[in-house]
Visitor: 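Okay, here's the structure, questions in a sec.
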Amino acid sequence: MKSIILGTGRYLPSNVVTNHELAQRMDTNHDWIVERTGIHERRYAVPGVDTTASMGTEAAKRALDAAGLTPQDVDLILFATLSPDYYFPGPGVQLQHNLGCRTIGAIDIRNQCSGFVYALSIADQYLRNGAANHVLVVGSELHSAGLDMSTRGRNVSVIFGDGAGAVVLGRTDEPGRGMLSTHLHSQGEHAEELALLGPSTRDWIPEIFQRNDPEDVSYFPRMNGNFVFKHAVVRFAEVIEEALTSNQLSTSDLRLLIPHQANLRIAQFIQQKLGLREDQVYNNIMRYGNTTAASIPIALSEAFDEGRIQKGDLIMMAAFGSGFTWGSALMRW
Ligand code: ACO
């Protein structure tokens with residue numbers, strides 16, 4: 001028995017924010033953002049309407065509908081996010097409640113941009129060993145509430161957007177179909193190169209207030225952009241090749257690579273490096289920005305609805321991000 005995706009779903013907030021709108025709030029411009037990142041617009045959560053858990057719930061409902069399943073059929077929830085509604089508990093339990101699932105396990109995954117691939121890897125283990133028949137995997141992010149929207153934060157803020165994607169996995173015994181392998185990696189020595197350092201148990205809110213330092217931006221995400229870029233292009237290519245090699249496959253066998261939508265320039269670099277055709281790589285960062293753990297399931301769901309994924313196609317999902325963490329999941333649809 002192998003695990004296989006039975007249904008996909010996505011939810012994007014209705015609030016479209018263009019580069020021109022950002023240029024009214026900080027010193028940036030449409031051309032700079034497009035040239036460096038490929039992003040034209042992104043979605044921001046509607047205050048009072050969208051939360052990480054609510055967006056994840058809507059995406060999950062759509063994935064369950066697409067699979068022809070109900071919340072009662074779900075045996076395990078995996079919820080990947082770096083932007084939960086609460087410091088604790090994580091949003092997995094909110095999803096269990098919102099959907100009306102049985103009192104099943106709900107695991108929160110916090111591996112940032114790689115969160116969805118990490119979650120797929122765990123789902124695959126539960127399904128292959130028979131501990132679960134259906135696993136719901138959700139990636140959802142609400143970045144907009146926590147970004148530095150002043151010029152000081154522009155190198156990070158213009159990149160990120162909000163949204164959610166979900167998949168339901170089940171089991172198949174059809175020869176050749178299903179998850180072929182997953183590969184996970186981490187390198188914590190670079191943890192602070194792409195991170196949000198406070199508030200945390202090392203630096204809690206009273207200490208931050210006490211410092212009363214207007215230059216203290218520890219509660220905003222920080223990114224060493226060039227450093228991240230250089231590592232991303234190497235690790236993405238490595239982990240994709242690792243998956244292909246371990247299954248005796250090559251890039252020409254791939255129907256579609258769905259990379260984490262970090263930056264269009266990173267995706268184009270990898271495409272070139274691996275010698276993939278343009279139609280073998282799915283990108284939608286132009287419309288949604290970087291939605292971290294949600295980016296792969298949103299892209300997967302869109303690609304599927306556009307007819308870009310058919311039964312029997314070889315689909316590679318690969319991610320790199322904060323941690324650093326990176327990983328891949330290779331599935332014969
Ligand atoms: N608008 C206008 N100018 C800006 C902006 C902005 N939004 N942001 C930075 N700049 C300026 C900088 O101040 C700098 O000006 P200076 O030369 O006068 O000092 C200049 O542009 C170049 O800044 P860099 O940070 O060196 O810009 P770079 O060319 O590296 O591009 C970018 C920044 C796009 C973030 C790039 O480093 C990159 O692609 N990094 C990869 C990381 C990434 O994409 N992360 C995504 C999230 S992480 C993930 O998902 C893996």
Side-chain angles (χ1 to χ4, degrees), residues 17-42 80-83 110-118 139 141 143-144 146-163 165 184-188 190-196 217 220-240 258-273 283-286 288-299 317-328:
V17 178
T18 64
N19 293 340
H20 299 293
E21 285 171 80
L22 290 185
Q24 289 164 9
R25 301 174 70 174
M26 61 183 83
D27 182 12
T28 188
N29 61 78
H30 176 74
D31 292 344
W32 191 96
I33 299 171
V34 171
E35 189 190 316
R36 307 296 173 107
T37 72
I39 299 165
H40 288 239
E41 60 187 40
R42 73 283 296 140
T81 189
L82 64 70
S83 50
R110 41 167 316 158
N111 294 94
Q112 300 69 247
C113 307
S114 309
F116 182 74
V117 171
Y118 266 65
E141 303 285 3
H143 289 298
S144 58
L147 297 171
D148 181 356
M149 299 304 282
S150 71
T151 295
R152 188 179 56 188
R154 64 184 178 175
N155 69 317
V156 175
S157 304
V158 299
I159 294 175
F160 293 96
D162 303 339
L184 305 182
H185 296 280
S186 67
Q187 191 178 18
H190 301 313
E192 295 194 2
E193 303 294 344
L194 178 54
L196 196 156
V217 287
F220 288 128
R222 56 189 252 163
M223 177 177 71
N224 184 348
N226 284 312
F227 190 83
V228 172
F229 194 103
K230 283 179 195 146
H231 283 257
V233 291
V234 172
R235 296 311 194 183
F236 261 114
E238 262 178 24
V239 82
I240 290 166
I258 302 191
H260 159 52
Q261 304 291 298
N263 181 324
L264 189 60
R265 305 297 160 233
I266 293 178
Q268 289 169 334
F269 200 96
I270 301 159
Q271 180 190 326
Q272 225 171 17
K273 198 168 171 178
N283 290 305
N284 63 6
I285 192 171
M286 305 73 91
Y288 304 133
N290 178 333
T291 56
T292 316
S295 90
I296 293 179
I298 291 172
M317 293 163 269
F320 172 87
S322 161
F324 292 152
T325 55
W326 61 102
S328 65

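We count ligands from 1, going down the list as the structure has it; atoms in each ligand are counted the same way.
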Visitor: In the structure I gave you, are the side-chain heavy atoms of S150 and M26 within less than 4.5 Å of one another anywhere?
Guide: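 The answer is no; the side chains never approach within 4.5 Å.
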Visitor: Heavy atoms only, cut-off 4.0 Å: how does N290 contact ligand 1, side chain, backbone, both, or neither?
Guide: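 It is the side chain that gets close, since no backbone atom is under 4.0 Å.
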Visitor: At under 4.0 Å between heavy atoms, is it the side chain or the backbone of V156 that contacts ligand 1, or both, or neither?
Guide: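 Neither; no heavy atom under 4.0 Å.
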Visitor: Suppose we measure from atom 25 (O) of ligand 1 to each protein heavy atom; which comes out shortest, and what is that distance?
Guide: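 Among all protein heavy atoms, the one nearest atom 25 (O) of ligand 1 is N155 CB, 4.7 Å.
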Visitor: Do me a favour and list the nearest non-hydrogen protein atom to atom 51 (C) of ligand 1 with residue, atom name and distance?
Guide: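 Answer for atom 51 (C) of ligand 1: F320 O, 3.2 Å.
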Visitor: Answer yes if a protein heavy atom lies under 4.0 Å from atom 8 (N) of ligand 1, otherwise answer no.
Guide: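 So far as the 4.0 Å threshold goes, atom 8 (N) of ligand 1 is in reach of a protein heavy atom.
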Visitor: Checking ring-ring contact (aromatic ring centres under 6.0 Å, His included) for the pair H190/F227: CA distance, chi angles, key distance, verdict?
Guide: CA-CA 10 Å; H190 301 313; F227 190 83; 4.9 Å; yes
Visitor: Side chain, backbone, both or neither: which applies to A262 and ligand 1 if a contact is any heavy-atom pair less than 4.0 Å apart?
Guide: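 Both backbone and side chain of A262 come within 4.0 Å of ligand 1.
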Visitor: May I ask you to decide if I285's main-chain N or O and N283's side chain share a donor-acceptor pair within less than 3.5 Å?
Guide: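 It does not hold such a pair.
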Visitor: Using a 4.0 Å cutoff against the non-hydrogen atoms of G321, which atoms of ligand 1 qualify?
Guide: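 Answer, ordered by atom number: 51 (C).
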Visitor: Can you tell me how far the CZ atom of R36 sits from the OG1 atom of T28, to the nearest 0.5 Å?
Guide: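 Going from CZ on R36 over to OG1 on T28, the span is 10.0 Å.
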Visitor: Are any non-hydrogen protein atoms located under 4.0 Å from atom 40 (N) of ligand 1?
Guide: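 When distances to the protein are checked, atom 40 (N) of ligand 1 has a heavy atom within 4.0 Å.
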Visitor: Heavy atom to atom 34 (C) of ligand 1, shortest distance: which of R36, K230, R152 holds it?
Guide: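 Among R36, K230, R152, the closest heavy atom to atom 34 (C) of ligand 1 belongs to R36.
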Visitor: Would a 4.5 Å heavy-atom cut-off, applied to side chains only, mark N224 and E192 as touching?
Guide: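 They are not in contact (no side-chain heavy atoms under 4.5 Å apart), so the answer is no.
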Visitor: Do the non-hydrogen side-chain atoms of D162 and S83 ever get within less than 4.5 Å of each other?
Guide: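 Side-chain contact under 4.5 Å: no.
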Visitor: Just need the protein heavy atom nearest to atom 10 (N) of ligand 1, so name the residue and atom and give the distance.
Guide: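 Answer for atom 10 (N) of ligand 1: W32 CZ2, 3.4 Å.
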Visitor: Please identify each residue that fulfils side chain to side chain donor-acceptor pair (under 3.5 Å) with R265, with sequence neighbours left out.
Guide: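 If we apply the side chain to side chain donor-acceptor pair (under 3.5 Å) test to R265, skipping adjacent residues, the hits are Q268.
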Visitor: Any protein heavy atom sitting closer than 4.0 Å to atom 45 (N) of ligand 1?
Guide: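 Flag for atom 45 (N) of ligand 1 set to true, protein heavy atom closer than 4.0 Å.
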Visitor: Do you see a protein non-hydrogen atom under 4.0 Å from atom 2 (C) of ligand 1?
Guide: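 Yes, because at least one protein heavy atom sits under 4.0 Å from atom 2 (C) of ligand 1.
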Visitor: Can you sort out which atoms of ligand 1 are near C113, meaning under 4.0 Å from one of its heavy atoms?
Guide: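 So the atoms of ligand 1 that pass are 49 (C), 50 (O).
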Visitor: For R152, look at atom CZ and say whether over 12 heavy atoms of other residues, nucleotides or ligands are found less than 6.0 Å away.
Guide: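 Count over threshold, so yes.
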Visitor: Are I33 and R42 close enough that some pair of their side-chain heavy atoms sits under 4.5 Å apart?
Guide: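 Contact flag for I33/R42 side chains = yes.
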Visitor: Answer yes or no: is there a side-chain heavy-atom contact under 4.5 Å between F220 and L147?
Guide: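 No, every pair of side-chain atoms sits at 4.5 Å or beyond.
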Visitor: Pick one of side chain, backbone, both or neither for how F229 approaches ligand 1, counting any non-hydrogen atom pair under 4.0 Å.
Guide: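 Looking at F229 and ligand 1, atoms from backbone and side chain both fall under 4.0 Å.
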Visitor: Specify whether the nearest protein heavy atom to atom 5 (C) of ligand 1 is under 4.0 angstrom away.
Guide: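 So far as the 4.0 Å threshold goes, atom 5 (C) of ligand 1 is in reach of a protein heavy atom.
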Visitor: Quiz question for you: does at least one protein heavy atom lie closer than 4.0 Å to atom 21 (O) of ligand 1?
Guide: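 Yes, because at least one protein heavy atom sits under 4.0 Å from atom 21 (O) of ligand 1.
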Visitor: Report the part of I33 in contact with ligand 1, treating N, CA, C, O as backbone and CB onward as side chain, heavy atoms under 4.0 Å; options are side chain, backbone, both, neither.
Guide: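 Contact part for I33 vs ligand 1: neither.
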Visitor: To the nearest 0.1 Å, how far is atom 48 (S) of ligand 1 from its closest protein heavy atom, and which atom is that?
Guide: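 That would be L194 CD2, 3.3 Å.
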Visitor: Kindly identify the option in T151, D31, V158, V228 whose heavy atom sits closest to atom 42 (C) of ligand 1.
Guide: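 Residue with the shortest heavy-atom distance to the ligand atom: V228.
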Visitor: Of all the non-hydrogen atoms in the protein, which one sits nearest to atom 14 (C) of ligand 1, and at what distance?
Guide: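 Going by distance alone, atom 14 (C) of ligand 1 is nearest to R154 NH2, 4.8 Å.
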Visitor: My question is simple, although I want it checked carefully: is atom 18 (O) of ligand 1 less than 4.0 angstrom from any protein heavy atom?
Guide: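 False for atom 18 (O) of ligand 1.
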Visitor: Which bit of M223 is near ligand 1, meaning a heavy atom under 4.0 Å away: side chain, backbone, both or neither?
Guide: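 The answer is the side chain of M223.
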Visitor: Checking side-chain polar atoms at under 3.5 Å, does E141 have a donor or acceptor matched by the opposite partner on T81?
Guide: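 There is such a pair (donor and acceptor under 3.5 Å, judged by atom type) between the side chains of E141 and T81.
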Visitor: For ligand 1, is there an N or O atom under 3.5 Å from any N or O atom of N263?
Guide: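 Yes: some nitrogen or oxygen of N263 is under 3.5 Å from one in ligand 1.
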Visitor: Who pairs with R235 by side chain to side chain contact (heavy atoms under 4.5 Å, CB included), at least two apart in sequence or on another chain?
Guide: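 Per chain and number, R235 pairs via side chain to side chain contact (heavy atoms under 4.5 Å, CB included) with Q187, E238, F320, W326.
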Visitor: Using side-chain heavy atoms (C-beta onward) and a distance below 4.5 Å, is I39 in contact with V158?
Guide: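 No. Closest side-chain heavy atoms not under 4.5 Å.
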Visitor: Which residue supplies the protein heavy atom nearest to atom 30 (O) of ligand 1, what is that atom called, and how far is it?
Guide: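 The closest one turns out to be N226 OD1, 2.9 Å.
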Visitor: Please write down residue, atom name and distance for the protein heavy atom closest to atom 37 (O) of ligand 1.
Guide: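 Result for atom 37 (O) of ligand 1: G225 C, 3.1 Å.
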Visitor: Measure the shortest side-chain to side-chain distance between H40 and V34 over non-hydrogen atoms and say whether it is less than 4.5 angstrom.
Guide: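 They are in side-chain contact.
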Visitor: Name the orientation class of the two ring planes belonging to F160 and H143 (parallel below 30°, tilted from 30 to 60°, perpendicular beyond 60°).
Guide: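 Rings of F160 and H143: tilted, 30 to 60°.
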Visitor: Of the side chain and backbone of H260, name the one, both, or neither that has a heavy atom under 4.0 Å from an atom of ligand 1.
Guide: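 Side chain only.
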